[in-house]
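Keep in mind it's a predicted model, so treat the numbers as computed, not measured.
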Amino acid sequence: MDFGDIMKVDTTGASKTTAGQDNLTYDGVPASETMAKTDLGSVNKYKFIIQKVGAQKRMDPAIIAAIISRESRGGTLLKDGKGDKGNGWGLMQVDKQYHTIRGGWDSEEHLSQATDILIGLVHTIKKKFPSWTAEQQLKGAIAAYNFGPDDVQTYERMDKGTRGDDYSSDVVARAQWYKKNGF
């Protein structure tokens, strides 16, 4: 794909806070993998459109699947397509405060819009941190997907301030698991 190799991105996985959502007594990559596995049945319902959008946008489908897992647990956390106190829309939780929502909550149009947002963040992080590797820039864009590109300050502390202080590390670990499991 055009945005770095997700399998080469370093990750510490889920924080204790994030792992606690599933009452896990462990954190890190094993917790992220457990949560990705828990969500697999729900995420698989959208596998065809995830792969289609991934191919169209040249974004690894495993990353799209991982964001769906993290943001909406495969859609299971949504009420009428909404999450985040009504501000997030769809499987990938596009924030309606910053974006004009497109498509149904579980539609190809929604996944295309959300993936375009992520791709735009890759380009922003590339400009902000031109000396970072493609994999570091990809991880920075994933963090920015949660809290905006201005909050990505250093590679070492990029998740500080994201929900659970682990957003990109958790998403990367889930994406690596999805990549190894059919995405």
Side-chain angles (χ1 to χ4, degrees), residues 1-19 27-33 35-36 50-51 53-72 83-84 87-102 110-180 183:
M1 296 280 137
D2 291 347
F3 306 103
D5 182 350
I6 194 65
M7 299 307 285
K8 293 180 181 173
V9 178
D10 66 284
T11 181
T12 54
S15 66
K16 285 187 184 346
T17 302
T18 298
D27 58 0
V29 172
S32 295
E33 290 175 341
M35 290 183 284
I50 291 168
Q51 290 177 324
V53 169
Q56 289 169 345
K57 305 291 181 182
R58 302 192 55 76
M59 176 59 68
D60 192 324
I63 298 169
I64 298 170
I67 292 173
I68 290 170
S69 173
R70 170 71 186 224
E71 289 287 343
S72 70
D84 193 26
N87 293 318
W89 176 252
L91 293 170
M92 293 178 74
Q93 288 293 278
V94 172
D95 192 324
K96 70 178 189 175
Q97 296 172 101
Y98 301 98
H99 304 280
T100 302
I101 302 306
R102 294 198 325 249
H110 163 69
L111 293 188
S112 289
Q113 178 185 23
T115 302
D116 283 340
I117 291 166
L118 179 61
I119 290 167
L121 292 167
V122 171
H123 295 301
T124 300
I125 295 297
K126 279 183 179 187
K127 284 183 191 138
K128 187 171 180 177
F129 300 104
S131 65
W132 285 8
T133 67
E135 284 74 23
Q136 290 172 320
Q137 292 166 344
L138 176 59
K139 190 174 182 183
I142 292 169
Y145 189 85
N146 181 251
F147 70 171
D150 292 344
D151 291 323
V152 178
Q153 297 296 320
T154 67
Y155 189 75
E156 297 71 27
R157 295 177 45 81
M158 79 167 56
D159 277 333
K160 208 72 183 143
T162 62
R163 184 168 297 186
D165 289 327
D166 69 346
Y167 188 87
S168 70
S169 284
D170 181 37
V171 168
V172 167
R174 292 184 199 214
Q176 290 171 346
W177 188 88
Y178 282 119
K179 185 85 172 170
K180 291 183 235 170
F183 279 88

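With rounding to the nearest 0.5 Å, the separation of CZ in Phe129 from CD in Gln153 is 6.0 Å. The CG atom of Asp10 lies 7.0 Å from the OG atom of Ser169; values are rounded to the nearest 0.5 Å. Rounding to the nearest 0.5 angstrom, the gap separating the OH atom in Tyr98 from the CG atom in Asn87 is 9.0 Å. Distance CG/Asp165 to CZ/Arg157: 8.5 Å, rounded to 0.5 Å. The structure places CD1 of Ile64 at 3.5 Å from OG1 of Thr115, a figure rounded to the nearest 0.5 Å. The OG1 atom of Thr124 lies 9.0 Å from the CG atom of Asp150; values are rounded to the nearest 0.5 Å.
Listed for the Gln176 side chain is a donor-acceptor partner under 3.5 Å among the backbone atoms of Val9. Panel note: side chain Asp159, backbone Ser168; a donor-acceptor pair is recorded below 3.5 Å. A donor-acceptor pair under 3.5 Å is absent between the side-chain atoms of Glu135 and the main chain of Gly4, judged by distance alone. Remark: the backbone N or O of Ala14 is paired with a side-chain donor or acceptor of Ser32 at under 3.5 angstrom. Gln51 contributes no side-chain N or O that, together with a main-chain N or O of Phe183, makes up a donor-acceptor pair within less than 3.5 Å.
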**Request:** Show the numbers, then the answer: is there a side chain to side chain contact (heavy atoms under 4.5 Å, CB included) between Asn146 and Glu71?
**Result:** CA-CA 9 Å; Asn146 181 251; Glu71 289 287 343; 4.3 Å; yes

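Side-chain contact of Asp166 with Thr18: a donor-acceptor pair under 3.5 Å is present, judged by distance alone.
Nearest heavy-atom pair, Ala141 versus Leu118, reported as atom, atom and distance to 0.1 Å: O-CD1, 3.8 Å. Closest non-hydrogen pair, Ala19 versus Asp27, comes out as CB-CA, 4.2 Å. When all heavy atoms of Ser69 and Ala36 are compared, the pair lying nearest together is OG-CA, 4.0 Å. Residues Ile63 and Met59 approach most closely at CD1-SD, 3.8 Å, considering heavy atoms.
When side chains are defined from C-beta on, Ile50 does not count as touching Leu91, because their heavy atoms never get closer than 4.5 Å. Taking 4.5 Å as the limit, every side-chain heavy atom of Arg70 sits out of range of all side-chain heavy atoms of Met35. Residues Pro149 and Lys128 form no side-chain contact, since every pair of their non-hydrogen atoms from C-beta on lies 4.5 Å or further apart. Side-chain atoms of Lys160 and Thr154, non-hydrogen and from C-beta on, never get closer than 4.5 Å to each other. For the pair Tyr155 and Lys139, the minimum side-chain heavy-atom distance is below 4.5 Å. Two residues are said to be in side-chain contact when any heavy atoms from C-beta on lie closer than 4.5 Å; Asp170 and Ser15 fail this criterion. Looking at heavy atoms from C-beta onward, Val94 lies in side-chain contact with Ile101 at the 4.5 angstrom threshold. Residues Leu111 and Ile68 meet the side-chain proximity criterion, which asks for heavy atoms closer than 4.5 Å.
Considering Met92, Gln93, Arg102 as possible partners of His110, the one that fulfils the side-chain contact (heavy atoms from CB on, under 4.5 Å) test is Met92.
Ring geometry for Tyr145 against Tyr167 counts as parallel: the plane angle stays under 30°, on a 0 to 90° scale with 60° as the upper cut.
Under the 4.0 Å criterion applied to side-chain N and carboxylate O atoms, Lys96 and Asp84 are not assigned as salt-bridge partners.
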